[in-house]
Amino acid sequence: LDSAGRPLVAVAASQLLEAGCEPVLGVTGFSHDEVARAVAGMPVEIVLNGDWAEGIASSIRCAIAWLERPTSESTSALFTVSDMPDLVSTHYRSIIATSSSGLIRVASNYGVSPNEPILGVPALFPREDWTALSAMAGYPPRSNLLSGTKTRSAPTKSGTLDLDTP
């Protein structure tokens with residue numbers, strides 16, 4: 001999928017890099033080669049999820065496994081999707097700032113008010129959440145992490161367009 005002639009995955013990667021995210025990791029499945037070509041030349045790591053047919057939970061597990069490599073210095077993980085072309089770097093920066101530099105879980109709030117949140121991705125998870133993320137299974141993945149009392153929210157002013165949601 002493209003946005004203004006650019007592959008959506010490249011647009012998403014550019015916004016994450018502009019927000020200061022590092023490393024940027026793309027977890028792929030069926031379209032692995034196409035995604036790798038789309039971000040060629042960008043400082044983006046691409047990892048093939050061999051269990052991609054299981055759905056998003058397997059991609060989350062794949063990302064966490066990559067982040068837990070012995071050489072990784074990552075202390076948090078910001079999960080997003082590439083099919084929401086209006087998400088911009090300012091929203092990612094807002095999530096990071098709200099997280100106290102990755103120490104606190106933060107989800108995007110798509111609700112009309114902070115008192116009635118509708119939480120979702122992009123969302124940032126500190127390392128202490130990685131065990132629970134690694135245990136996720138199914139489609140859609142079942143987790144109550146975002147609804148927990150430890151989750152802060154970052155209002156989403158843009159990015160509500162999700163290309164695979166009717």
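The shown structure was predicted, so the numbers you read here are calculated from the model rather than taken from an experiment. Every heavy atom of this structure was used, including side-chain atoms; hydrogens, water molecules and symmetry mates were not. Numbers for residues simply follow the sequence, beginning at 1.
- Between N109 and I118, the closest heavy-atom pair is OD1-N, 3.2 Å.
- Taken to the nearest 0.5 Å, the SG atom of C62 stands 7.5 Å off from the CG atom of L48.
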Verdict with reasoning, T98 to R152, per side chain to side chain donor-acceptor pair (under 3.5 Å):
CA-CA 7 Å; T98 304; R152 290 185 183 170; over 6 Å; no
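- Between I104 atom CD1 and L124 atom CG the span is 10.0 Å, to the nearest 0.5 Å.
- You'll find the side chain of P122 reaches within 4.5 Å of the side chain of L78, heavy atoms only.
- For W52, the ring-ring contact (aromatic ring centres under 6.0 Å, His included) partners are F30, not counting sequence neighbours.
- Nearest heavy-atom pair across R127 and S74 is NH2-O, 2.5 Å.
- In this structure, the separation between CG on N49 and OG on S58 is 4.0 Å, given to the nearest 0.5 Å.
- Residue A123 comes nearest to L146 through the heavy atom pair CB-CD2, 4.1 Å, listed as atom of the first residue, atom of the second, then distance.
- T151 has its side chain out of reach of V106: every pair of non-hydrogen atoms, C-beta onward, lies at least 4.5 Å apart.
- Here the CZ atom belonging to F79 is positioned 7.0 Å from the CZ atom belonging to F125, to the nearest 0.5 angstrom.
- A heavy-atom distance below 4.5 Å is found between the side chains of L133 and I60.
- Interatomic distance, OG of S82 versus CG of L87, reported as 10.5 Å (0.5 Å rounding).
- The line from OG of S59 to CD1 of I64 is 11.5 Å long, rounded to the nearest 0.5 Å.
- By the 4.5 Å heavy-atom criterion applied to side chains, H91 and M84 are not counted as neighbours.
- Residues R105 and S99 form no side-chain contact, since every pair of their non-hydrogen atoms from C-beta on lies 4.5 Å or further apart.
- Listed by first and then second residue, the salt bridge (charged side-chain N to carboxylate O under 4.0 Å, His left out) pairs involving residues 36-52 amount to none (not counting sequence neighbours).
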Could you pull out every donor-acceptor pair under 3.5 Å between side chains of residues 9-27 and any protein atom, sequence neighbours left out?
residue, atom, partner, partner atom, Å
S14, OG, R6, NH2, 2.8
S14, OG, A10, O, 2.9
Q15, OE1, S89, N, 2.6
E18, OE2, S89, OG, 2.9

